[in-house]
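The structure appears below as structure tokens.
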Amino acid sequence: EALREQRISLAFLDRLGTIIDGLEDADPEYTPDYITNVIPVELKKTRNLTDKDFTPGRIHTTNCSGGGTVSIKSNTTLTDIVLVTDCDVTFGSNVTLENVVVATRSTDTRSVSAAASLQLGRDDGCAEGGGAEILTLGGFRAASKLTMYGGKIIAAGDVDFAAQGDGGEGASIVAGGEIDGTSNTTMGVCGAGMGKAYITPRLRLAG
């Protein structure tokens, strides 16, 4: 049994909104290296998006005016883009994100959701680059077979993923609520290759 009860304050989550604003404004502190043109691109549509609707090396934005969804079509691979929105974001089945940040200000309990087989990051054996991050002021839910290769999920709410999750080559999950993963899930960390980290200052007293 535990000798004592202790809590760790996740002050990082208090800065999540600032990080999302920084991504939209192309703040160098938060903008990934693969973004080569910081002038944002406004998406022309929000439904059934594929790689053809995005421009590699660019930050993409869209506003749902308090309601609406951005949906990524099944069997789509997105590479070298940032998406910042206030909409809910849904991924169809077999979607792959490589060098991608998806950030939403939606506070819905399922502000980001995915059908089966969402892959966050490139399956490259912990090599540098290729990672993917999901940032949300709400919650995240994925159906079965979520895979993470240098992948990060940072949610102010709950994170929920169903059976057969695989993060054996670099997985980082931070939640302001609960993290709930069901059976047959593998998670691990890479010694390198996790890419740009979003960090927050911490105070330490040393004597």
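Since the model is a prediction, treat every value here as computed from it, not as a measurement.
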Expected list for residues 99-108: side-chain donor-acceptor pairs under 3.5 angstrom, two or more places apart:
from	atom 1	to	atom 2	distance (Å)
Asn99	OD1	Gly130	N	2.7
Asn99	ND2	Asp80	OD1	3.0
Thr104	OG1	Cys87	O	2.6
Thr104	OG1	Ser106	N	3.0
Arg105	NE	Asp21	OD1	3.3
Arg105	NH1	Glu24	OE1	3.3
Arg105	NH2	Asp21	OD1	2.9
Arg105	NH2	Glu24	OE1	2.6
Ser106	OG	Asp88	OD1	2.5
Ser106	OG	Asp108	N	3.4

At their closest point, which heavy atom of Gly22 faces which heavy atom of Thr31, and how far apart are they? O-OG1, 4.4 Å

Closest contact, heavy atoms only, Ala115 versus Ala143: C-CB, 3.8 Å

For Ser93 and Ser74 the tightest heavy-atom approach is N-OG, 3.0 Å

d(Phe161 CZ, Met148 CE) to nearest 0.5 Å is 8.0 Å

CZ of Arg110 to CG of Asp158: how many Å apart, nearest 0.5 Å? 10.5 Å

Whether the side chain of Asp27 engages the backbone of Glu29 through a donor-acceptor N/O pair (distance < 3.5 Å, no angle test) should be reported. yes

Please tabulate, for the side chains in residues 40-59, all donor-acceptor contacts under 3.5 angstrom to protein atoms that are two or more places apart in sequence or on a different chain.
from	atom 1	to	atom 2	distance (Å)
Thr50	OG1	Lys52	N	3.2
Asp53	OD2	Thr50	N	2.9
Arg58	NE	Ile39	O	3.1
Arg58	NH2	Ile39	O	2.8

Under a 4.5 Å cut-off applied to non-hydrogen side-chain atoms, are Thr61 and Thr85 in contact? no

Would you call Leu23 and Asp25 a side-chain contact if the rule is heavy atoms closer than 4.5 Å? no

Is the shortest side-chain heavy-atom distance between Ile81 and His60 below 4.5 Å? yes

Set of residues satisfying side chain to side chain contact (heavy atoms under 4.5 Å, CB included) with respect to Gln119, sequence neighbours excluded: Thr96, Glu98, Asp123, Thr147, Tyr149

Is there side-chain contact between Val70 and Thr90, with heavy atoms separated by less than 4.5 Å? no

Non-neighbouring partners of Asp180 that pass side chain to side chain contact (heavy atoms under 4.5 Å, CB included), sequence neighbours left out: Asp160

Where is the tightest heavy-atom contact between Ala155 and Leu16, given as atom of each residue plus distance? C-CD2, 4.5 Å

Would you say that Leu137 contacts Ile20 through its side chain, given a criterion of any heavy-atom pair below 4.5 Å between the two side chains? yes

Ala114: partners by side chain to side chain contact (heavy atoms under 4.5 Å, CB included), with sequence neighbours left out: Phe91, Leu118, Ala142

Using the side chain to side chain contact (heavy atoms under 4.5 Å, CB included) criterion, which residues pair with Thr109? Sequence neighbours excluded. none

Please confirm whether the backbone N or O of Gly139 pairs with a side-chain atom of Ser111, one donor and one acceptor, at under 3.5 Å? yes

Could you tell me if the side chain of Ile153 sits less than 4.5 Å from the side chain of Leu146, heavy atoms only? yes

